[in-house]
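Keep in mind that what you see is a predicted model, and the values were worked out from it rather than measured. As a basis for the values below, the full set of heavy atoms in this structure was taken, side chains included, without hydrogen atoms, waters or symmetry mates.
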Amino acid sequence: MPFYHKLGEIPRVKHTTFFKKGGKSLYREELISSKGFSGIYSNLYHFNMPTSVKSVKPLELHKTVDWPDAPLLYYHFLTDKIKEGGNFISSRHEFLVNPHCKIGTAKVTEDTDDFYRNSLASEYIFFHRGSGVMLSPYGRISFGPGDQLVIPRTTTYQIKFDSFEDNKLLIIESDTAFEIPNHYKNDYGQLEEHAPYCERDLRPPEYLEPSDIKEDFRVILKAGNKYFEHIVPHHPFGVVGWDGYLYPFAFNIKDYHPKVGRIHLPPPAHLLYKTQHFIICNFVPRLYDFHKDAIPAPYFHSNIDSDEVLYYAEGDFMSRKGVVGGSITLHPGGMPHGPQPGKIEQSVGAKETNEYAIMIDTYSPLHPTLNVKETMDENYHKSWLE
């Protein structure tokens, strides 16, 4: 996050005595740091030792969905064809993976009292449909349709939904942090005037009453492709206060301010966050290019270094036909991609677009899983035939 935040009670000086009421025992200070001790960090103050674990056992939570002989071609798949639901942990289905990035969706149909922690990856969650609250030791963040939540690696959390009629999530895991691009910030870390969002658009956690309940709680840990059950002897949200720069935060796609050019602007003009191995962009309603002979539809493009993924949320997608909300397209690097027949001519003279989509460009090839095979449009790769 680009700014300092604090909630609850903390001592005046870090790493000094901070006694509980009664003055006989100390709150337990935990430093959560990134990049060793060189990145952003936060200090949390717990009722109990955050290291306490009563038992650990492996879990078989998700079956392997590798598709080792997936052909190299253009893909369009409809994630809503996956009908299997579950809670916010068990309902996840991976579609595209590489060593640094996992892209999947979840259809959340039930609640759970379990807590969840991704030990080896930070998470980006786009709430396509559904509303509720995310709870963590840092506090609570309310969410609704269009919200994009960034959850730092090792954060223990729960997601509570207002109902279970229609909840759909896009989930992206990264082995490095989701960060605001440096060129959006000045030398002091403040977002500059040209950035497509500012600090007031970013929603940090709000205060959550800490819990000092001492009983067994179940925490599900994910470590790569492995899952473990940890039973801890006290409530995971027993934090009386914290401060720092490392914490979950939310940003709604409808608060993204798009850039408009005289001629077509490339996807980096729509950049949201970056990691060391891929970027995320937001496509939102915007005016088209204003050169008198402009072609609003994108040109054909061969990206020799990146795979291009688009998750379509809602609206009219001017360069593509046959896609619907929940569709994902994958255009592998090294293969030209672009508008389908008739879409370029159709765009000439158009004044605006009305679409919401999330783009992921990865610097390492993505591998489709069996979930892609089961939900794909088998004729999509032929859709450029005139």
Side-chain angles (χ1 to χ4, degrees), residues 61-63 65 76-96 102-118 123-136 139-151 155-173 203 205-206 208 218 220 222 227 237 248-256 280 282-285 309-317 322-329 354-358 369 371-372 374-377:
L61 191 58
H62 294 291
K63 63 182 180 181
V65 289
H76 168 218
F77 46 99
L78 296 95
T79 63
D80 282 346
K81 283 187 175 182
I82 299 286
K83 301 300 183 183
E84 181 183 354
N87 60 51
F88 80 97
I89 306 169
S90 63
S91 63
R92 301 178 180 212
H93 294 84
E94 293 179 354
F95 288 90
L96 301 169
K102 299 179 186 294
I103 301 172
T105 65
K107 179 183 178 182
V108 184
T109 57
E110 61 187 44
D111 196 13
T112 180
D113 291 328
D114 291 342
F115 299 79
Y116 183 69
R117 180 191 307 151
N118 197 324
E123 295 184 348
Y124 159 99
I125 302 179
F126 171 68
F127 293 93
H128 188 172
R129 300 187 295 272
S131 61
V133 62
M134 189 276 273
L135 307 174
S136 77
R140 55 185 292 126
I141 300 178
S142 297
F143 63 83
D147 274 326
Q148 302 168 101
L149 190 61
V150 169
I151 304 176
T155 301
T156 301
Y157 70 93
Q158 292 179 317
I159 299 179
K160 299 294 184 179
F161 288 86
D162 293 332
S163 75
F164 295 98
E165 293 181 3
D166 188 17
N167 300 313
K168 177 65 179 295
L169 284 57
L170 169 70
I171 304 172
I172 305 172
E173 298 184 27
R203 308 198 316 272
E206 298 177 345
L208 175 67
R218 187 173 189 244
I220 307 299
K222 182 178 184 186
Y227 293 85
F237 299 163
F249 64 94
F251 173 76
N252 196 287
I253 192 172
K254 295 188 177 180
D255 290 329
Y256 190 95
I280 298 179
N282 277 178
F283 290 98
V284 301
V309 177
L310 272 166
Y311 179 88
Y312 299 87
E314 63 179 83
D316 179 21
F317 307 107
V323 297
V324 296
S327 286
I328 291 181
T329 55
N354 182 29
E355 64 184 10
Y356 289 98
I358 292 94
T369 69
N371 289 321
V372 173
E374 294 172 4
T375 60
M376 62 187 283
D377 174 357

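Looking at every heavy atom in both residues, G326 comes nearest to H128 through N-CE1, 3.7 Å. Closest heavy-atom contact between L208 and S136: CD2-O, 3.7 Å. For Y311 against T79, the heavy-atom pair with the smallest separation is CE1-OG1, 4.2 Å. Between A357 and L310, the shortest heavy-atom contact is CB-CD2, 4.2 Å. Smallest separation of non-hydrogen atoms from G85 and S91: C-CB, 3.8 Å. Contact record, N167 with G130: OD1-CA, 3.2 Å, taken as the closest heavy-atom pair.
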Report task. Decide yes or no on side chain to side chain contact (heavy atoms under 4.5 Å, CB included) for N282 and I358, but give the supporting numbers first. Result -> CA-CA 5 Å; N282 277 178; I358 292 94; 4.0 Å; yes
Requested in this report: Go through V372 and V65 one step at a time and tell me if the side chain to side chain contact (heavy atoms under 4.5 Å, CB included) criterion holds.
Outcome: CA-CA 10 Å; V372 173; V65 289; over 6 Å; no
Query raised in the report: Can you check side chain to side chain contact (heavy atoms under 4.5 Å, CB included) on I82 and N371, steps first, answer last?
Result: CA-CA 8 Å; I82 299 286; N371 289 321; 3.9 Å; yes
Query - Check against side chain to side chain contact (heavy atoms under 4.5 Å, CB included), V284 and K254 - result: CA-CA 7 Å; V284 301; K254 295 188 177 180; over 6 Å; no
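Side-chain atoms of E374 and K81, non-hydrogen and from C-beta on, never get closer than 4.5 Å to each other. Between I141 and D147, every side-chain heavy-atom pair lies at or beyond the 4.5 Å cut-off. The shortest distance between side-chain heavy atoms of L170 and I103 falls below 4.5 Å. The side-chain heavy atoms of T156 and Y116, taken from C-beta on, include no pair separated by under 4.5 Å. Side-chain contact between L96 and F77 is present, with heavy atoms from C-beta onward closer than 4.5 Å. In this structure, the side chains of Y312 and V324 stay at 4.5 Å or more apart for every pair of heavy atoms.
How far CE of M134 is from CD1 of I151: 4.5 Å, rounded to the nearest 0.5 Å. To the nearest 0.5 Å, the span separating CD1 on I171 from CZ on F95 amounts to 11.0 Å. Rounding to the nearest 0.5 Å gives a distance of 9.5 Å between CD1 of I125 and CD of E173. Considering OG1 of T105 and NZ of K168, their distance stands at 4.5 Å, rounded to 0.5 Å. Interatomic distance, T109 OG1 to E84 CD, rounded to the nearest 0.5 Å: 9.0 Å. Between atom CD1 of residue I280 and atom CD1 of residue I172 there is a gap of 4.0 Å, rounded to the nearest 0.5 Å.
Residue R140 qualifies as open at atom CZ: its count of foreign heavy atoms under 6.0 Å is 12 or below.
Residues K222 and E94 are paired through a salt bridge, judged by an N-O separation under 4.0 Å between the basic side chain and the carboxylate. In this structure, K160 pairs ionically with D111, as a charged nitrogen and a carboxylate oxygen lie closer than 4.0 Å. Salt bridge annotation for D80-R129: present, with a cationic side-chain nitrogen under 4.0 angstrom from a carboxylate oxygen.
A perpendicular orientation is assigned to the rings of F161 and F143, their planes being inclined by more than 60° (bins at 30° and 60°).
A donor-acceptor pair shorter than 3.5 Å can be found between the side chains of E123 and Y157.
A donor-acceptor pair is defined here as one N or O able to donate and one able to accept, closer than 3.5 Å; such a pair exists between the side chain of Q158 and the backbone of D114.
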